[in-house]
Novice: 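Take a look at this one; I'll ask things after.
Below, all heavy atoms of this structure are taken into account, side chains as well, without hydrogens, waters or symmetry copies. Computed from a predicted structure; not experimentally measured. When a ligand or atom number is given, it counts from 1 through the structure's own listing order.
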Amino acid sequence: MNNRATGTKPFGRVSRRDFLKFCTAAAVYMGLPAGMGVKLAAAATTNQRPPVIWLSGQGCTGCTESLLRPSHPTLEHLILKQIALDYNETLNTGAGHQAEEFKKKSIQDNLNRFILVVEGAVPTKDGGIYCQVAGQNFIDIVKETASKAAAVIAIGSCASWGGIPSATPNPTGAKGVPEVLPGTTVVTIPGCPPNAYNFLSTVLYFLTFNKLPELDDKGRPKFAYGRLIHENCERRPHFDAGRFAKEFGDEGHRQGYCLYKLGCKGPMTYANCPSILFSDVGSGAWPVGTGHPCFGCTEQGVGFHIPLHAQAEVKQVTPAAGQAPIEAKRGQGVTIGAAALVGAAVGVAAGAGVMAAKNLDAKDQESGKPSKEA
Ligand code: SF4
């Protein structure tokens, strides 16, 4: 599977130039100087790099699938060649005893050197009987393998905090990896699916500096999960101006207005989806960009727990500085910033930017557009 096993050339069908460009972008994206891209590339191509053992538990395999779906060839190449993926049940060419023996050998040959990646939740009820691989309960496999790994990464929301399998009534006692490995530092890359760049950048950082990037209190790399989706969302100026879609397909929805009233959880969800998008398919390639409210998949206690239609708690009401304001008439001198703050003060859950919305409504009535009142 990796280039050591297949004997493929280090850069395969990806040019060195493209590979360096990717690593430079990853460096900048992690807040490192652009010049560090060369170091990231060197670390990813050395023969000394640690292999990755990828275990799959209670999940849909969507994390693996999404990592392999990007149209960006560098990304696929990195996953399959550069990170030395030694074991992944979905991608293994071998199966059964052959695959298990290879995993054991890889772990043995790389004690305290390999990176363990876990995909899927860990069922804990009844001793963890609800997920077995090769006759062993998954919870025991995770504990045993983690004790021999250099670093542990939980990829996807299921592995990070339980995800869909942990939704009420959680019949299998599904938990995230951090919960079943107390006392162990577990990097979490939540998302349903997670973004491939967040995973790869974390791995590149570890390979380069032999340490983990700075993490938040939930184990998420701060470079990827340090800001609310609401802060960087392209629809944020509509929120600040009090312009909301109120039904799927209504005039506001067609105009690209804010999706807050359709249940968008961006105001209480930390992730970089609006900044790095998904799958390299161009601008707008993320849920809100396509007209669907964010459902908070990266946030424990939000995704799969708060109903999709429920309105989010707004954690940050100050208008984002990075977005150009939307052109709007606001009558009596209510600024966009003041509207957002007043909206918060009177209860944003009932309709953010309500003062701005009132002023806009007067204008809309003149023009025949739908009212934006809560
Ligand atoms: Fe974007 Fe959702 Fe925030 Fe509206 S509520 S600005 S759609 S993140």
Novice: Which of the atoms of ligand 1 are close to V288, meaning less than 4.0 Å from one of its heavy atoms?
Specialist: 7 (S)

Novice: If I compare all heavy atoms of T188 with all of S160, which pair ends up nearest, and what's the gap?
Specialist: CB-OG, 3.4 Å

Novice: Provide, to 0.1 Å, the distance between atom 4 (Fe) of ligand 1 and the closest protein heavy atom, together with that atom's residue and name.
Specialist: C258 SG, 2.4 Å

Novice: Does the ring centre of Y197 sit less than 6.0 Å away from the ring centre of F22?
Specialist: yes

Novice: Do E100 and K104 touch side chain to side chain, with heavy atoms closer than 4.5 Å?
Specialist: no

Novice: Is the number of heavy atoms from other residues, nucleotides or ligands under 6.0 Å of Q136 CD greater than 12?
Specialist: yes

Novice: Flag yes if more than 12 heavy atoms outside K218 fall under 6.0 Å of its NZ atom; otherwise flag no.
Specialist: yes

Novice: Can you list the atoms of ligand 1 that are under 4.0 Å from a heavy atom of R235?
Specialist: 6 (S)

Novice: How are the rings of F199 and W54 set relative to one another: parallel (under 30°), tilted (30 to 60°) or perpendicular (over 60°)?
Specialist: perpendicular

Novice: So which N/O/S atom does H230 have closest to atom 3 (Fe) of ligand 1?
Specialist: ND1

Novice: Between K261 and F239, is there a side-chain heavy-atom distance shorter than 4.5 Å?
Specialist: no

Novice: Select the closest option to atom 6 (S) of ligand 1 among H238, R236, E231, judged by heavy-atom distance.
Specialist: R236

Novice: Of all the heavy atoms in P267, does at least one lie under 4.0 Å from an atom in ligand 1?
Specialist: yes

Novice: Let me check your reading of the structure: within less than 2.8 Å of atom 2 (Fe) of ligand 1, is there an N/O/S atom from C264?
Specialist: yes

Novice: Taking 4.0 angstrom as the limit and counting only heavy atoms of G266, give me the atoms of ligand 1 inside it, by number and element.
Specialist: 8 (S)

Novice: Report, in ascending order of atom number, the atoms of ligand 1 lying under 4.0 Å from any heavy atom of L259.
Specialist: 4 (Fe), 7 (S)

Novice: Got the closest protein heavy atom to atom 1 (Fe) of ligand 1, with its distance?
Specialist: C233 SG, 2.3 Å

